Amino acid sequence: MDTALYLLPVTLGDTPVEKVLPSYNKEIILQIRHFIVEDVRSARRFLKKVDRDINIDELTFYPLNKHTSPEAISGYLKPLQEGNSMGVISEAGCPAVADPGADVVAIAQRKNLKVVPLVGPSSIILSVMGSGFNGQSFAFHGYLPIEPGERQKRLKELEQRVYSEHQTQLFIETPYRNNKMLEDILKACRPQTKVCVAANITCEGEYIKTKTVQEWKKQLPDLTKIPCIFLIYK
């Protein structure tokens, strides 16, 4: 295989690897000895899931999260510069998409090092696919403000973009705030605005439902135990 920085997608939950990742990914993973990871423990579990016979003790892990200093990140690619392929692993889904892995990819691009993204599940893309919303133009906003007034203001701004730019708007929330987020969406948005709630994508109990604000108000689901992506469109 080519010497490169390989972006290695991870399953979104307890889904079997073979259900969502091509066998080619395993072939690549088994040839890599240096991994840049969001969380060392979850990365080790994922690698064992890929191949239970993999020798974890022979591998080197470089943590990349919000606590990692820019100075540390800048030195992570030394093995790659010396001719050793490296892998980037997120906690779930695709690395470098709504993920700190983007920082090390940016460094690799600046240094003219080869970057190879591999195929795997992305909750962002899959939720757009399953929503029935505009897939030609969409924007992902991560987490919205926690403060109620700021969040209501932000929701109204995003809804305005739906109608003025015909653009699907996506954002996420933590499980314990999901119910409050949906309630806030229903308060802030117009009755005819469509809302899609997507959760557990590719996993057992997958949930992807699209309804108007008015329809959601008739029956609210309990979203307290699952991470969700919310989408709005007209």
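Atoms considered below: every heavy atom in the structure, side chains included; atoms not considered: hydrogens, waters and symmetry mates. None of the values given here were measured: they were computed from a predicted structure.
No donor-acceptor distance shorter than 3.5 angstrom exists from the side chain of Ser90 to the backbone of Gly93, with no hydrogens or angles considered. Thr15 places no side-chain N or O within 3.5 Å of a backbone atom of Thr11 that could act as its donor or acceptor partner. Asn178 contributes a side-chain N or O that, together with a main-chain N or O of Leu223, makes up a donor-acceptor pair within less than 3.5 Å. The main-chain N or O of Cys203 is never found under 3.5 Å from a side-chain atom of Asp14 such that the two would form a donor-acceptor pair. A donor-acceptor contact shorter than 3.5 Å is absent between the side chain of Lys211 and the backbone of Glu215. Side chain of Asp99 to main chain of Ala96: a donor-acceptor pair is present (N/O by atom type, distance under 3.5 Å, no hydrogens or angles).
Around the NZ atom of Lys78, the shell of radius 6.0 Å holds no more than 12 heavy atoms that belong to other residues, nucleotides or ligands. Around atom NZ of Lys153, no more than 12 heavy atoms belonging to other residues, nucleotides or ligands sit under 6.0 Å away. Within 6.0 Å of CG on Asn55 lie more than 12 heavy atoms contributed by other residues, nucleotides or ligands. In the displayed structure, Glu82 atom CD is contacted under 6.0 Å by more than 12 heavy atoms of other residues, nucleotides or ligands. The environment of Lys114 atom NZ is sparse: at most 12 non-hydrogen atoms of other residues, nucleotides or ligands sit within 6.0 angstrom. For CD of Gln219, the number of neighbouring non-hydrogen atoms (other residues, nucleotides, ligands) closer than 6.0 Å is 12 at most. The local environment of CD1 in Ile146 is sparse, with at most 12 non-hydrogen atoms from other residues, nucleotides or ligands closer than 6.0 Å. Enclosure of atom CD in Gln214 is not indicated, since only 12 or fewer non-hydrogen atoms of other residues, nucleotides or ligands lie within 6.0 angstrom.
A 4.5 Å side-chain heavy-atom check between Cys196 and Phe230 finds every atom pair outside the cut-off. Counting heavy atoms from C-beta outward, Leu158 and Ile232 have side chains that approach closer than 4.5 Å. With contacts defined as side-chain heavy-atom distances shorter than 4.5 Å, the pair Trp216/Pro191 does not qualify. Taking the side chain as every heavy atom from C-beta outward, Thr3 and Leu80 approach each other to under 4.5 Å. Proximity of Gln160 to Leu155: side-chain heavy atoms (C-beta onward) are nowhere separated by under 4.5 Å. Within the 4.5 Å cutoff, no side-chain heavy atoms of Tyr62 are placed close to those of Val104. Contact annotation: the side chain of Gln167 never approaches that of Val162 to less than 4.5 Å [non-hydrogen atoms, C-beta and beyond]. In this structure, the side chains of Glu173 and Tyr143 come closer than 4.5 Å at one or more pairs of heavy atoms.
Shown here for Val17 and Lys49, the closest heavy-atom pair between the two residues is CG2-CG, 3.6 Å. Here the closest heavy-atom approach between residue Phe140 and residue Ala98 is recorded as CE2-CB, 3.5 Å. Of all non-hydrogen atoms in Thr202 and Pro121, the two that sit nearest each other are CG2-CB, 4.5 Å. Considering every non-hydrogen atom in both Pro117 and Leu7, the closest pair reads CA-CB, 3.8 Å. Nearest approach of Ser85 to Ala4, heavy atoms of both residues: OG-N, 3.2 Å. The nearest pair of heavy atoms linking Pro100 to Asn65 is CG-CA, 4.3 Å.
There is no side-chain donor-acceptor pair under 3.5 Å between Thr210 and Tyr233. No donor-acceptor contact under 3.5 angstrom links the side chains of Asn134 and Thr168, judged on distance only. Side chains of Thr212 and Gln192: a donor-acceptor N/O pair is absent below 3.5 angstrom, by distance only. Between the side chains of Glu150 and Gln152, no donor-acceptor pair is found at a separation under 3.5 Å. With 3.5 Å as the limit, one finds no donor-acceptor pair spanning the side chains of Thr193 and Lys234.
Considering OH of Tyr24 and CD1 of Ile29, their distance stands at 11.0 Å, rounded to 0.5 Å. The distance from atom CG of Leu77 to atom NE2 of His34, rounded to the nearest 0.5 Å, is 11.5 Å.
One hydrophobic cluster, built from ILVMFWY side chains closer than 4.5 Å, cannot hold both Leu5 and Phe61; they sit in different ones.
Between Lys156 and Glu159 there is no salt bridge, since no side-chain nitrogen of the basic residue lies less than 4.0 Å from a carboxylate oxygen of the acidic one.
A cation-pi arrangement is present between Arg190 and Tyr163 under the rule of less than 6.0 angstrom and at most 45 degrees off the ring axis.
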**Report entry** Steps toward side-chain contact (heavy atoms from CB on, under 4.5 Å) verdict (His166, Gln136)
**Finding:** CA-CA 10 Å; His166 310 291; Gln136 297 281 2; over 6 Å; no

